[in-house]
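Take a look at the structure set out below.
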2 protein chains.
Amino acid sequence: MTIVAAVAEDQLSQVFAALADPVRRDLVARLADGDATVTELSAPYDISLQAVSKHLKVLGAAGLVSRTKEAQRRPVHLEADVFQLATVWLERYRRRAEERYARLDDVLAELTDAPPTDPAPPTTTEKESS
Amino acid sequence: MTIVAAVAEDQLSQVFAALADPVRRDLVARLADGDATVTELSAPYDISLQAVSKHLKVLGAAGLVSRTKEAQRRPVHLEADVFQLATVWLERYRRRAEERYARLDDVLAELTDAPPTDPAPPTTTEKESS
DNA sequence: TCTGTATTCAACCAATCAGTTGTGTAGAGG
DNA sequence: CCTCTACACAACTGATTGGTTGAATACAGA
């Protein structure tokens, strides 16, 4: 279980890191409309083809794209499944935060609470990070 | 519109980059359960408090957290809204890719199509990146 | 006022990253 | 066979990043 979680953690890092670059997001956006080769993908940018190839390698390492050998060209294919990994993570904590925000007692605590003797009731006591 | 889009693009980059780090994701996970101070947040890690402060700065720049001045401590608060920015982007292209995958003619095209004279109809012709 | 606590700022360092250019390799076509 | 095309690999460079330590700032309490 720990190993699985660690691997997932690592892939999550790679997915987010991959999508942190505007060029790579643009590549993903274009690949969502259909597979394409490196040369086709690199055409719109003024960076070198090798640079785009590197970007695709990053996306590939994150599991966001796959390559298929087809003659001498290697079309890039978007793997939509991996997106859910990130979405699930995001939604999980967004929902948690919003739930907490919705609870009135917590809201009131944030508004009225500021006792120097009792610093922060909600967080310090429990910790259940990863 | 272009400026707005550019800003959004930039924030999206920052959000994804912020979440690409496991420590920062862990911080977010813990902040989802409630606000906390830097000292509290840094406790579980064996890195310095200053390092955690830096991480929070990154999260803050991405708009994922906010700080409120409260005496000499500055509790960190998770901003759940920004999560949707990322989620919307992810879902947009995941859905696009899956729609395309579901259409049978496209699937067939991928299987039977491989004409060297006509490289790739779907992508090269149009571009609507940023 | 002096002290302790909470936090940031600044300078530094090693590692990673995005880009480059140059070279190598695999397959299709003359 | 030779050449073009499509791509990957390797080495280099400048910028960014995650970490450190040391000092500065802000405020609460004795």
Side-chain angles (χ1 to χ4, degrees), chain A residues 9-10 13-28 31 35-62 65-77 113-120 123-124, chain B residues 9-10 13-28 31 35-62 65-77 113-120 123-124:
Chain A
E9 265 286 294
D10 195 58
S13 290
Q14 289 188 77
V15 167
F16 280 131
L19 298 178
D21 188 288
V23 174
R24 281 190 299 255
R25 277 203 308 280
D26 195 54
L27 289 170
V28 166
L31 285 168
D35 298 4
T37 67
V38 184
T39 333
E40 286 162 10
L41 288 168
S42 66
Y45 311 108
D46 53 354
I47 62 175
S48 70
L49 184 139
Q50 285 96 322
V52 175
S53 181
K54 269 195 185 179
H55 279 304
L56 290 169
K57 208 170 163 185
V58 174
L59 290 169
V65 302
S66 63
R67 317 289 301 268
T68 56
K69 243 184 187 172
E70 174 196 298
Q72 72 269 54
R73 45 192 74 116
R74 262 146 284 222
V76 187
H77 173 78
D113 229 52
T117 44
D118 190 10
T123 338
T124 16
Chain B
E9 265 285 294
D10 195 59
S13 291
Q14 289 188 75
V15 168
F16 280 130
L19 298 178
D21 189 287
V23 174
R24 279 187 305 252
R25 276 202 308 281
D26 196 54
L27 288 170
V28 166
L31 286 167
D35 299 6
T37 68
V38 185
T39 332
E40 286 161 9
L41 288 168
S42 66
Y45 312 107
D46 53 353
I47 61 175
S48 68
L49 184 140
Q50 286 95 322
V52 175
S53 181
K54 268 196 186 180
H55 279 305
L56 290 168
K57 206 172 166 186
V58 174
L59 290 169
V65 303
S66 63
R67 317 291 301 267
T68 56
K69 242 184 188 171
E70 172 195 301
Q72 75 268 53
R73 45 191 75 116
R74 262 143 284 221
V76 187
H77 175 77
D113 229 52
T117 43
D118 190 11
T123 336
T124 15

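None of the values given here were measured: they were computed from a predicted structure. Proteins come first, then strands; the chains are lettered A, B, ... in the order of their sequence lines, and each starts at number 1.
Side-chain contact between A:His55 and A:Leu41: absent, with no pair of heavy atoms (C-beta onward) separated by less than 4.5 Å. Between A:Thr37 and A:Arg74 the shortest side-chain heavy-atom distance does not fall below 4.5 Å.
Of all heavy-atom pairs spanning B:Tyr45 and B:Val52, the tightest one is CD1-CG2, 4.1 Å. Contact between B:Ala36 and B:Leu31 at its shortest, heavy atoms only, is N-CD2, 3.9 Å. The two residues A:Leu49 and A:Ser42 come nearest to each other via the heavy atoms CD1-OG, 3.7 Å. Between A:Phe16 and B:Leu19 the shortest heavy-atom distance is CD1-O, 3.3 Å.
Remark: A:Ser53 pairs with A:Val38 by the side-chain contact (heavy atoms from CB on, under 4.5 Å) rule, at least two apart or across chains. Applying the salt bridge (Lys or Arg N to Asp or Glu O under 4.0 Å) rule to B:Arg25 yields the partners A:Glu9; only residues at least two apart in sequence or on another chain are considered. Evaluation of the side-chain contact (heavy atoms from CB on, under 4.5 Å) rule for B:Ser66 yields B:His77, B:Glu79 as partners, not counting sequence neighbours.
One finds a side-chain N or O of B:Ser48 lying less than 4.0 angstrom from the OP1 or OP2 phosphate oxygen of D:dT20.
Among the nucleotides D:dG18, D:dT20, C:dA18, the one closest to any side-chain atom of B:His55 is D:dG18.
In this structure, A:Lys69 atom NZ and C:dA26 atom P are separated by 8 Å, rounded to whole Å. In this structure, the OH atom of A:Tyr45 is 14 Å from the P atom of C:dA18, given to the nearest Å.
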Distances for protein N or O near nucleotides 14-16 of chain D N or O, under 3.5 Å:
none

How does protein reach along nucleotides 4-9 of chain C, written 5' to 3' as B (base within reach of a heavy atom under 4.0 Å), S (only sugar-phosphate), or - (no contact)? --SBBB

Protein-to-nucleotide contact annotation, 5' to 3' order, nucleotides 11-16 of chain C [B base; S sugar-phosphate only; - none; under 4.0 Å, heavy atom]: B-----

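Taking CG from A:Leu59 and NZ from A:Lys54, the interatomic distance works out to 14.0 Å, rounded to the nearest 0.5 Å.
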